[in-house]
Structures are given as C-alpha cells and as structure tokens.
Amino acid sequence: MPTIPIQPVPADPNDEVNPKLYNGIGYVHSIETGGAVDGPGIRFVLFMQGCLMRCLYCHNRDTWDRHTDKEQKLTVPEVMKKVLSYQHYFRATGGGVTATGGEPLLQYPFVRDWFVACREHNIHTCLDTNGYALHYDRILEDLLDHTNLVMLDLKQIDPEIHKVLVGIPNTKTLRFAKYLAERKQPTRVRYVVVPGYTDDERSAHLLGEFIADMGNVDTVEILPYHELGAYKWELCGDEYKLKGVHPPPKETVLKIKEILEGYGKEIIL
C-alpha cells in the first residue's frame, strides 16, 4: 500500500478546520452518558457540531451546521470533569468515551486533546468518523496515537452512487481508510444498508474487495437503515428525501452479511 505523505496545514485564515485557529474550545451538539451503540461497553459520547456530508438518511441532521445558537462551548477540563464521574461504568462494562457527530475530524485538535486526557486516566477512546480528514499532520497522528478504536463509516464504494447518497465524492473517506490501514490502526467499518442505494450485492462486493487486505479491519458492523431521524429534518426546515423508504428486509441484511464474511471479516449485526 503506497505511503500517504504528511501534508502541511494550509494558511487560509478562513479555514475553520485549520488547527492554527484552535483556541482550546470544542463546539458540542450534545452529550450522551450511557451510550450502548457507539463502541464497546457503556460509553460517554460527545456529539461534535458540524459535518460536511449531506447523507440522505442522516439521523443527526441538526449536527450539520458548524455553529448554532444551541451549541455547547466546552474545554477539555470541563468535559473531563463529566467523564471522570462515569468511570465506574467504563470499568464495569469495558466501555469508554466516543467522539462522534456531526464529524469529529472537523474539530480534530480538540478531540486530540480530549483523547490525550482520557488516555492519561486509562480510559478507552473511540473515534466515530466518516473519514473526512482535511489535514494530514502531526495533530492527526497524535489523535490516532491516542485512539483505541476507529469506527469508520464507509457509506458506498461506488463513487457515483456515493455522490447521490452523500452529496460529495468519497475520495477523502477512501484515502483516510487507506491511511488507517497503513498505520495498522484498529478499525471497525460501519456500513448502513439503505434500500435503493447500498442494499445490492454489487455494492457489498465492492466494500468487501476494498477492505479485504486491510489487516487493521477485522470487523464490519452492518446497520440497517431506519427512519428514526426523519423528524429532525422537518425541525431544521428541510425535506426528508427518503420519505417512504423503509428498513431493508432481514433477508437482504443476511445476504450482505454472507457476502462480507466471504472476504474474511467478522460481522456485527
């Protein structure tokens, strides 16, 4: 696998993701203190504000905007004060903390600082990301050095279907996936089965072929599409374009499971 060079941070002062503008503040949409689906065990989950993808099935539509009048502005010590009060749940269940969103890589200096603080207390860290990394620099390396598990959403390998489903190309996501493989970063791939977009056998085979040789990926979590977040689109004044699309039948999910198992990966349903 070719080496991905570390690239310098651009000097654009209007680039909000530029770590040179980082002031120690994290812009947080919400906090969940008993998360059970965001990594192993019971987890403290930080939903970061902001995402550049526009997934048609997004169930966190209210996290898209980079800033809102409802966001929480938190420092790492403020977050850690909350985290440490739940340590006994982590110890008892094999849990920890998860940064999700939105897209946590849009605030990767803050997530880096938070994960460093967590690892000082031997707390398991999980990065739940769509892989939209804009900067490959020492801060990203440090973040991943302090990340126990990456949960990477690979929404669709076919570039044209991806653009329809997500609104943008999958170039950055696939590059990040290869970067994780190069680092031998422990990674769990997440794949949402969306009827009409990702529920066909060809798409499953494309995913299997892409990750087959990635030794850092031993697990694929299959997530059947659901409609639970549709109401948030209306609250944000947007039309939910998958209205009338229902969760895939069990047979479809099991077929995709069978296909991905054929590429040597353990499957979580």
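All values derive from a computational prediction rather than experimental measurement. We use all heavy atoms of the structure for the numbers below, so side chains are in, but hydrogens, waters and symmetry mates are not.
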- request: Go through the steps for Asp213 and Tyr263 under the test side-chain hydrogen bond (donor to acceptor under 3.5 Å, both in side chains), then give the verdict.
  value: CA-CA 9 Å; Asp213 295 331; Tyr263 290 92; over 6 Å; no
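- Screening Phe115, Tyr27, Tyr22 for a side-chain contact (heavy atoms from CB on, under 4.5 Å) involving Phe110 leaves a single residue, Tyr22.
- Shown here are the salt bridge (charged side-chain N to carboxylate O under 4.0 Å, His left out) partners of Glu221, two or more places apart in sequence or in another chain: Arg188, Arg190.
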message: Leu180 vs Phe176, test: side-chain contact (heavy atoms from CB on, under 4.5 Å). Steps then yes/no.
response: CA-CA 6 Å; Leu180 295 176; Phe176 187 70; 3.6 Å; yes
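- Looking only at atom types and distance, the side chain of Asp38 has no donor-acceptor partner in the side chain of Thr98 under 3.5 Å away.
- Contact between Arg43 and Gly95 at its shortest, heavy atoms only, is NH1-C, 3.5 Å.
- A side chain to side chain donor-acceptor pair (under 3.5 Å) with Asp145 is found for exactly one of Arg119, Arg183, Arg138, namely Arg183.
- Atom CG of residue Leu207 and atom CD1 of residue Ile222 lie 9.0 Å apart, to the nearest 0.5 angstrom.
- For the pair Tyr225 and Val245, the tightest heavy-atom approach, listed with the atom from each and the gap, is CE2-O, 3.2 Å.
- Ring centroids of Tyr179 and Tyr136 are separated by less than 6.0 Å, placing the two rings close together.
- Taking 4.0 Å as the cut-off between side-chain N and carboxylate O, Lys255 and Glu251 do not count as a salt-bridged pair.
- In this structure, the side chain of Trp233 engages the main chain of Cys58 through a donor-acceptor pair within 3.5 Å.
- The closest side-chain heavy-atom distance from Glu258 to Glu201 is not below 4.5 Å.
- A salt bridge is defined here as a Lys NZ or Arg NE, NH1 or NH2 lying under 4.0 Å from an Asp or Glu carboxylate O, and Lys163 with Glu160 meets this definition.
- Looking at Asp137, its side chain does come within 3.5 Å of a backbone N or O of Leu140 through a donor-acceptor pair.
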message: Applying side-chain contact (heavy atoms from CB on, under 4.5 Å) to Ile267 and Ile256, what does each step give before you reach the verdict?
response: CA-CA 10 Å; Ile267 307 300; Ile256 291 175; over 6 Å; no
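- Here the side chain of Ser30 pairs no donor or acceptor atom with the backbone of Phe47 at under 3.5 angstrom.
- Side chain of Asp128 to backbone of Val150: no donor-acceptor contact under 3.5 angstrom is found.
- Residues passing the salt bridge (charged side-chain N to carboxylate O under 4.0 Å, His left out) test with Glu227, sequence neighbours excluded: none.
- Put simply, the side chain of Asn216 gets close to the backbone of Gln185: a donor and an acceptor are under 3.5 Å apart.
- Residues Thr100 and Leu46 are not in side-chain contact: their nearest non-hydrogen atoms beyond the backbone lie 4.5 Å or more apart.
- Leu174 is listed as a side-chain neighbour of Ile157, based on a closest heavy-atom distance under 4.5 Å.
- One finds a salt bridge joining Arg202 and Asp158 here, because a Lys/Arg side-chain nitrogen approaches an Asp/Glu carboxylate oxygen to under 4.0 Å.
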message: Determine whether Val28 and Met48 satisfy the following criterion, side-chain contact (heavy atoms from CB on, under 4.5 Å), listing intermediate values before the conclusion.
response: CA-CA 4 Å; Val28 176; Met48 308 302 295; 4.2 Å; yes
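- If you check the side chains of Asn60 and Lys232, you find a donor sitting under 3.5 Å from an acceptor.
- Here the closest non-hydrogen pair linking Lys265 and Ala212 is NZ-O, 3.7 Å.
- With hydrogens and angles ignored, the 3.5 Å screen pairs no side-chain donor or acceptor of Glu103 with any backbone N or O of Thr129.
- Around atom CZ of Phe210, more than 12 heavy atoms belonging to other residues, nucleotides or ligands sit under 6.0 Å away.
- At a threshold of 4.5 Å between non-hydrogen side-chain atoms, the residues Tyr57 and Leu165 count as touching.
- Surrounding NE2 of His205 are more than 12 heavy atoms belonging to other residues, nucleotides or ligands, all under 6.0 Å away.
- Not a single donor-acceptor pair under 3.5 Å links the side chain of Ser203 to the backbone N or O of Thr198.
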- request: Decide side-chain contact (heavy atoms from CB on, under 4.5 Å) for Lys155 and Val192; before the verdict, give the C-alpha distance in whole Å, the side-chain angles of both, and the deciding distance to 0.1 Å.
  value: CA-CA 6 Å; Lys155 302 171 189 297; Val192 181; over 6 Å; no
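- Geometrically, Arg61 does not engage Tyr240 in a cation-pi contact, judged by NZ or CZ lying under 6.0 Å from the ring centre and within 45° of the ring axis.
- Looking at heavy atoms from C-beta onward, Trp114 lies in side-chain contact with Val97 at the 4.5 angstrom threshold.
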field: Test log, rule salt bridge (charged side-chain N to carboxylate O under 4.0 Å, His left out), inputs Glu78 and Lys82
entry: CA-CA 7 Å; Glu78 288 172 332; Lys82 300 175 187 291; over 6 Å; no
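- Here the side chain of Thr75 pairs no donor or acceptor atom with the backbone of Ile25 at under 3.5 angstrom.
- At least one donor-acceptor pair closer than 3.5 Å links the side chain of Glu71 to the backbone N or O of Thr68.
- In this structure, Phe44 and Val79 have side chains that are in contact, with non-hydrogen atoms separated by less than 4.5 Å.
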